[in-house]
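The block underneath contains the structure these notes are about, expressed in structure tokens.
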Amino acid sequence: MRLFDTHCHLDFAPFAANIEQQLQSAQQVGVERVLLPATGPENWSRLASLSEQFPALYYALGFHPYFLTQQSLNDVVLLDVQMTERVSRCVAIGECGLDAMVDVPMAQQEAIFIAQIELAKQHRLPLILHGRKTHNRLIQLLKQARFEYGGILHGFSGSYQQAMQFIDLGFYLGIGGVITYPRANKTRQAVAQLPLSALVLETDAPDMPLMGYQGEPNHPKRLPLVLQHLAQLQNKDRQTVADNVWRNSNLALNICE
Ligand SMILES: [Zn+2]
């Protein structure tokens with residue numbers, strides 16, 4: 001079984017000291033590929049060098065709304081340079097988007113998100129989207145920009161209707177630990193009904209711990225558990241779901257199987 005963790009912060013503190021071991025323990029359970037999303041210019045070169053070191057790693061570069069600074073809008077030009085010179089393992093722009101729960105003015109978040117949509121258009125690259133209580137606005141801005149290179153809405157939680165709007169825009173939905181919690185009723189019901197052809201798996205490690213593992217950092221080796229829950233919700237066998245989400249992940253990021 002080949003699995004792709006489409007959103008994992010393997011460069012973050014709990015893993016940083018021994019990435020090789022961490023990656024091995026994920027590979028042992030079938031996680032063959034991992035996408036590392038950027039937070040901002042501070043980790044761009046780290047992600048590039050990690051992907052050079054480990055063939056399982058792909059990455060995205062961009063500005064995460066959490067980590068924006070006064071400087072960020074000026075730094076978009078640096079992202080343009082990075083994308084112009086990018087290597088094949090750099091497959092998307094992100095993570096980027098809007099977060100209504102973070103203490104960064106929404107006008108600033110929108111300006112830098114719109115700039116990243118434009119860069120993705122220019123370089124014909126997919127986006128790794130981050131959204132918290134901002135799904136409708138994300139959809140509006142993507143439509144206004146006539147963005148058509150798709151990507152992944154990471155950490156999907158929400159209704160079937162919201163999900164279908166992203167799918168109609170060419171996005172895949174990143175399904176993670178949320179679906180392991182029975183109380184996440186709305187999201188679980190949505191995921192049960194959504195077309196499997198639009199779903200990919202993610203852990204968002206070290207964030208988003210799965211049920212049963214609260215209080216410890218999440219880990220890419222837990223991806224098979226997300227798969228298991230997805231298979232249950234979709235009422236399909238695990239191998240079928242695994243084959244589909246593997247293909248979807250590579251399609252979303254334009255990676256050859
Ligand atoms: Zn993330």
Side-chain angles (χ1 to χ4, degrees), residues 3-16 19 22-23 26 31 33-48 50-51 56-69 72 79 82 89-104 109 112-113 116-117 120 125-135 138 142 150-158 163 166 171-181 184 187 199-210 213-214 216-223 226 245 249 252-253:
L3 298 175
F4 198 141
D5 189 348
T6 63
H7 199 106
C8 175
H9 296 282
L10 210 53
D11 60 311
F12 280 18
F15 311 124
I19 288 188
Q22 307 287 353
L23 202 52
V31 181
R33 291 178 179 173
V34 177
L35 179 86
L36 312 179
T39 52
E42 65 283 350
N43 76 343
W44 292 351
S45 60
R46 174 86 175 129
L47 300 188
L50 284 174
S51 83
L57 301 181
Y58 295 80
Y59 64 104
L61 296 183
F63 298 86
H64 189 307
Y66 264 49
F67 302 93
L68 295 183
T69 65
S72 297
L79 184 57
Q82 293 286 330
R89 220 76 73 68
C90 175
V91 292
I93 287 185
E95 62 183 289
C96 60
L98 305 172
D99 193 315
M101 314 290 280
V102 70
D103 201 17
V104 177
Q109 292 192 42
I112 191 116
F113 177 50
Q116 291 180 95
I117 299 175
L125 285 169
L127 289 168
I128 305 298
L129 291 180
H130 170 103
R132 243 189 338 165
K133 304 210 184 288
T134 54
H135 284 5
L138 288 176
L142 290 164
I152 297 170
L153 172 67
H154 122 77
F156 171 69
S157 95
F166 282 98
F171 281 84
Y172 293 78
L173 304 177
I175 306 299
V178 175
I179 63 164
T180 65
Y181 292 89
T187 302
L199 307 182
V200 298
L201 297 174
E202 65 166 70
T203 60
D204 199 16
D207 295 329
M208 304 270 286
L210 274 57
Y213 298 96
Q214 296 98 318
E216 55 180 286
N218 195 7
H219 196 286
K221 72 182 175 195
R222 307 257 186 256
L223 201 62
V226 183
V245 293
S249 308
L253 302 168

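Just follow the structure's listing: the first ligand is 1, and inside any ligand the first atom is 1.
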Under 2.8 Å from the Zn ion (ligand 1), the protein N, O or S atoms found are H7 NE2, H9 NE2, E95 OE2
Do H9 and F15 have ring centroids that are under 6.0 Å from one another?
no
Under the side chain to side chain contact (heavy atoms under 4.5 Å, CB included) rule, collect the residues that match up with T134, sequence neighbours excluded.
L98, A100, M106, L138
Quick one: CG on L129 to NE2 on H135, what's the gap to the nearest 0.5 Å?
9.5 Å
For Y59 and R46, test the side chains for any donor-to-acceptor distance below 3.5 angstrom and give the result as yes or no.
no
How far apart are the closest heavy atoms of R222 and L210, and which atoms are they?
O-CD2, 3.7 Å
Quick one: do the T203 and D5 side chains pair a donor with an acceptor below 3.5 Å?
yes
